[in-house]
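Below, read A as the first sequence line, B as the second, and so on, with proteins coming before strands; counting in each chain starts at 1.
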Amino acid sequence: MRPHMGVVTRFAPSPTGMLHLGGARTALFNWLYARHHGGSFRLRLEDTDRKRSTPEAVAAILEGLDWLGLDWDGSIVRQSERRERHAEVARSLLAGGGAYRCYCTPEELAAMRAEARAAGGSALYDGRWRDRDPAQAPPGVDPVIRFRAPREGETVLGDLVQGPVRIDNAALDDMVLLRADGTPTYMLSVVVDDHDMGITHAIRGDDHLTNAFRQTQLFRALDWEPPAYAHIPLIHGPDGAKLSKRHGAVAVGAYADIGILPAAMRNALLRLGWSHGDDEIIDTDQAVRWFDLDAVNRGAARFDMEKLQSLNGHHIRESADSALLAEIEPRLAANHPVAATDEGRGRILALMPEAKTRAKTLVELADSLAFLFHEPPLAMTPKAERLLDIEAQARLGALFCMLEELDGWDEAGLEGAVRAFAEGEGVGLGKIAQPLRAALTGSHASPGIFAVMAALGREETLVRLHAVMVIAGERTATGEHVASSAGAEDPGRNER
RNA sequence: GACCCCUUCGUCUAGAGGUUAGGACACCACUCUUUCAAGGUGGAGACACGGGUUCGAUUCCCGUAGGGGUCACCA
């Protein structure tokens, strides 16, 4: 498809809950389509159900879109504020015979449905007031206004994703346009607003497919041109069913919390149902350039957390160190105020190039760097504990003295010095690096040990090493470890 | 139940009437290596089934099965 300047898309959530994965992807596709064609992307809140719509949900949706980086054009349209316009359209339809008053009570309708279902059919309104004389209206019943839908023939939808889809008009009933209290229903509001807003393309979930037929009929009755519809497949949970609260983390905010980058989220959502050959890592500029509806799949997709994390890892690695620092600084500073100082930021930045190749989420990234701010003596993981055996402690003592005398303190110099030290000891580098890692980080796994030493700085490195030696000394003294010939009060000094 | 949609490795997907059916995640092995990752190399792994159409179908058509969606004075 060629860029089409007149494109107007919209994301039209009903503010009854969080912005979930499905809605986020619908928003993304509408946004991408508009941006790709140089058109505009509008936001409309479908809050005609006053009982279920909440300001909290509105806030959550806006926050979600903001996080995803999906900006809309123009002002937000609140459907509830357009009630009068909707009602007016319904009245004009009524005046022209395109709609009629129905005096059925909810009980009557329920009975009708039960009957239809029992007879093995679809639970449709049978149109009993369609041609009935309003003079027969029962007293005291406020009528609803129903659309006089065509009963013969079929309605064909040229869906941009699903292709041509047709349905017998007999399979559709006369939907309610205006409730008994005079408020418009969703079905009416969408049509009027899509028309008034000049929406050219309605991209939405597959679950709206049957609505499209009804809406198309309404458009025609009003003598308006319906937008082009594109019904994208739903996102399913791991069990293959439509995503819902019971699937756990479906609100986009939950992904922000676990440290997913918006760029990664967009990438993941984009690849669910849309593809561009074998491309997997797609940034937003490319997405805008490449996105079009003809490459959208028709089958539903399941959301894969593992793949999101992998994608997130890629996007983290491609992020600037300073951007990542800004992301994790608050997370780190919550437990370690030093992290928010120049000194702290310096340490984080020094290790960022190393750390970012290892993290799949910002949470992991922050966690992997937290040791920088732990106070010696460091808490040791069991594996780290095991690395610091008597022999290792002795070597660390000797290493401590060597490092104390070392000129300069940069990564390359440290690496050279420690390698030389290992050689002098007649052991592989691992025999030195691992205990050293345990002593400096409290863990058996960390970024490269020389980068860690450089980031920590000479003083802190020595303090941490010393702390380990002191503890070791105390343990030997109290007989906590079986003393070997190397075990003396201070392994460092003993070696000398 | 009625109507509508869908069906390629476990998952997301590419693909063409004739391909060794490609990639990514996950998995396994090897490699790199100071650890863990990342990276590199390799491996295992799919066209739901049955009929057609055709010289040839995984690809086109029709069924079947399976999955999903919709059937409100909700959106």
Side-chain angles (χ1 to χ4, degrees), chain A residues 12-16 46-49 51-53 79 102 104-106 109-110 113 116-125 142-146 157 159 162-163 165-168 170-173 175-181 183 185-187 189-190 205-211 213 231 233-234 236 238 240-242 268 271-281 297-311 313-314 317 354-360 364 368 383 387 415 418-419 422 428-434 436-438 441 443-450:
Chain A
S14 71
T16 54
E46 311 232 310
D47 55 354
T48 50
D49 183 347
K51 286 184 279 293
R52 297 202 308 148
S53 301
Q79 234 163 23
C102 165
C104 286
T105 61
L109 291 170
R113 266 182 225 113
R117 201 58 84 89
S122 196
L124 298 176
Y125 170 67
D142 288 328
V144 298
I145 292 182
R146 284 185 187 270
L157 193 67
D159 195 277
Q162 307 292 336
V165 186
R166 52 190 67 228
I167 193 171
D168 280 337
L172 265 20
D173 63 1
M175 60 198 171
V176 172
L177 263 21
L178 239 40
R179 303 186 182 98
D181 64 3
T183 59
T185 60
Y186 158 82
M187 216 57 85
S189 309
V190 192
D206 221 353
D207 50 345
H208 282 286
L209 192 59
T210 42
N211 289 338
F213 294 109
H231 290 93
L234 262 20
H236 285 171
K242 187 179 175 179
R271 286 289 288 104
L272 240 39
W274 179 87
S275 58
H276 184 267
D278 281 341
D279 294 301
E280 297 285 350
I281 317 284
N297 258 160
R298 291 198 280 178
R302 298 184 194 203
F303 186 72
D304 184 3
M305 192 60 197
E306 302 267 20
K307 194 150 183 173
L308 203 219
Q309 297 209 340
S310 164
L311 239 21
H314 279 279
R317 269 168 260 143
E354 282 270 325
K356 73 180 183 183
T357 65
R358 296 167 162 74
K360 286 197 163 64
E364 281 181 18
S368 75
K383 279 185 182 172
L387 285 170
E415 172 156 9
V418 175
R419 280 188 189 276
L429 182 56
K431 286 287 185 190
I432 307 295
Q434 280 304 85
L436 184 55
R437 186 185 316 283
T441 72
S443 166
H444 70 286
S446 81
I449 193 62
F450 307 115

Base-pairing mate for G39(B) - Watson-Crick or G-U, with both contacts under 3.5 Å: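 Result: U31(B).
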Could you check how far NE2 of H444(A) sits from P of A37(B), rounded to whole Å?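 Rounded to whole Å, this separation is 8 Å.
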Taking OP1 and OP2 of G67(B), is either one under 4.0 Å from a side-chain nitrogen or oxygen of K242(A)?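 Checking K242(A) against G67(B): no side-chain N or O falls below 4.0 Å of OP1 or OP2.
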Is T48(A) close enough to A75(B) that one of its side-chain N or O atoms is under 4.0 Å from OP1 or OP2 there?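 Yes, such a contact exists.
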Just to verify, what does K356(A) make a side-chain hydrogen bond (donor to acceptor under 3.5 Å, both in side chains) with, not counting sequence neighbours?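 Applying side-chain hydrogen bond (donor to acceptor under 3.5 Å, both in side chains) to K356(A) gives D321(A).
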Output all residues satisfying side-chain hydrogen bond (donor to acceptor under 3.5 Å, both in side chains) with S446(A), sequence neighbours left out; order by chain, then residue number.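 Counting only residues at least two positions away or on another chain, S446(A) forms a side-chain hydrogen bond (donor to acceptor under 3.5 Å, both in side chains) with R437(A).
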Of all residues at least two apart in sequence or in a different chain, which pass the ring pair (Phe, Tyr, Trp, His ring centres under 6.0 Å) check with H444(A)?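 Partners of H444(A) under the ring pair (Phe, Tyr, Trp, His ring centres under 6.0 Å) test: none.
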Please enumerate all protein N or O atoms sitting under 3.5 Å from an N or O of nucleotides 40-43 of chain B, with distances to 0.1 Å.
none

Considering only residues two or more places apart or on different chains, which pairs with a residue in residues 299-311 of chain A satisfy salt bridge (Lys or Arg N to Asp or Glu O under 4.0 Å)?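 Qualifying pairs, neighbours excluded: E280(A)-K307(A).
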For every nucleotide of nucleotides 4-14 of chain B, 5' to 3': is a protein heavy atom under 4.0 Å from its base (B), only from its sugar-phosphate (S), or from neither (-)? SSS----SBSS
Can you name the residues that form a side chain to side chain contact (heavy atoms under 4.5 Å, CB included) with A301(A), not counting sequence neighbours?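 A301(A) satisfies side chain to side chain contact (heavy atoms under 4.5 Å, CB included) with L272(A) once adjacent residues are dropped.
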Among all residues two or more places apart in sequence or in another chain, which pass the side chain to side chain contact (heavy atoms under 4.5 Å, CB included) test with T210(A)?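 Side chain to side chain contact (heavy atoms under 4.5 Å, CB included) check on T210(A) returns nothing, list empty.
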In whole Å, what separates the P atom of U8(B) from that of U58(B)?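 The answer is 15 Å between these two P atoms.
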Got a sec, which residues hit salt bridge (charged side-chain N to carboxylate O under 4.0 Å, His left out) with R52(A), two or more places apart in sequence or on another chain?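 Residues passing salt bridge (charged side-chain N to carboxylate O under 4.0 Å, His left out) with R52(A): D49(A).
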